[in-house]
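Start at 1 and go down the list; that is how both ligands and their atoms are numbered.
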Amino acid sequence: MTLIIAIDGPAASGKGTLAKRIAAHFGLAWLDTGLLYRAVARDVLANGGDLEDVAAAEAAARSVLAVSLSDPSLRGPKAGDAASIVAKFPEVRAALLDYQRAFAAQDDGAVLDGRDIGTIVCPDAHVKIFVTASDEARARRRYLEHQARGEDVAYEDLLVDIRQRDARDRDRAAAPMVAAHDALRLDTTELDPDQAFDAVIELIRSKIGS
Ligand code: DC
């Protein structure tokens with residue numbers, strides 16, 4: 001049986017953690033598609049380029065290497081903000097599409113998470129989940145992550161950052177962040193990671209049967 005699961009949602013909604021656990025649960029491969037956009041932004045900057053330069057971003061997208069996705073510098077909100085800038089270019093999105101679709105086309109299927117998986121990358125996914133959480137809950141999660149690393153940041157600044165990133169991802173013309181019409185919604189505002197995982201498995205089972 002083939003099972004393709006598309007997980008979309010905004011930054012810090014918990015979609016990445018969920019996607020990873022869902023993939024392990026069903027024994028499927030997992031692709032965090034945000035890493036592709038993060039790697040493109042990293043490579044543009046490493047080449048001395050400007051994130052707003054579409055030609056530089058497209059060239060980086062065409063040569064981005066899957067092996068480079070495990071780079072720890074891709075983690076964190078700064079790399080995510082840079083990714084969100086290059087992700088608005090249709091040329092960049094087009095250059096990354098085949099890789100994502102080929103990944104989803106594995107025999108057993110796969111779990112992919114991002115912003116446009118249920119709408120553009122895998123419109124025929126067997127299960128589509130759109131994960132949300134309130135702006136405040138997401139900023140608070142970020143805040144706690146910074147605190148755990150001993151970094152002193154203001155919660156209010158994180159809230160502003162989260163809202164700016166959402167607006168950029170939601171309001172762009174090319175493959176904006178939006179729930180597919182047939183996506184199941186999961187709001188994780190009041191849920192801890194285990195509760196969110198139980199809830200998402202319940203949703204998946206309701207869609208595919210057990
Ligand atoms: O999921 P993430 O935070 O790692 O994504 C970083 C940025 O990359 C996100 O703000 C927008 C972009 N992105 C995208 O446009 N489409 C995707 N499928 C995944 C990420």
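Shown here are the side chain to side chain contact (heavy atoms under 4.5 Å, CB included) partners of Glu202, two or more places apart in sequence or in another chain: there are none. Residues passing the ring-ring contact (aromatic ring centres under 6.0 Å, His included) test with Phe197 are His25, sequence neighbours excluded.
Ligand 1 lies under 4.0 Å from heavy atoms of Lys15, Thr33, Gly34, Tyr37, Arg38, Gly80, Ala83, Ser84, Ala87, Arg93, Gly114, Arg115, Asp116, Arg165, Asp169, Arg172.
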Just list the side-chain donor-acceptor pairs under 3.5 Å for residues 103-114, sequence neighbours left out, or say none.
unit_1	atom_1	unit_2	atom_2	d
Gln106	NE2	Phe103	O	3.1
Asp113	OD1	Trp30	NE1	2.7

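In this structure, a donor-acceptor pair under 3.5 Å is absent between the side chains of Arg142 and Tyr155. Side-chain N/O atoms of Ser84 and Arg168 include a donor and acceptor closer than 3.5 Å.
No more than 12 heavy atoms of other residues, nucleotides or ligands lie within 6.0 Å of CZ in Arg75, so this atom counts as exposed by the packing criterion.
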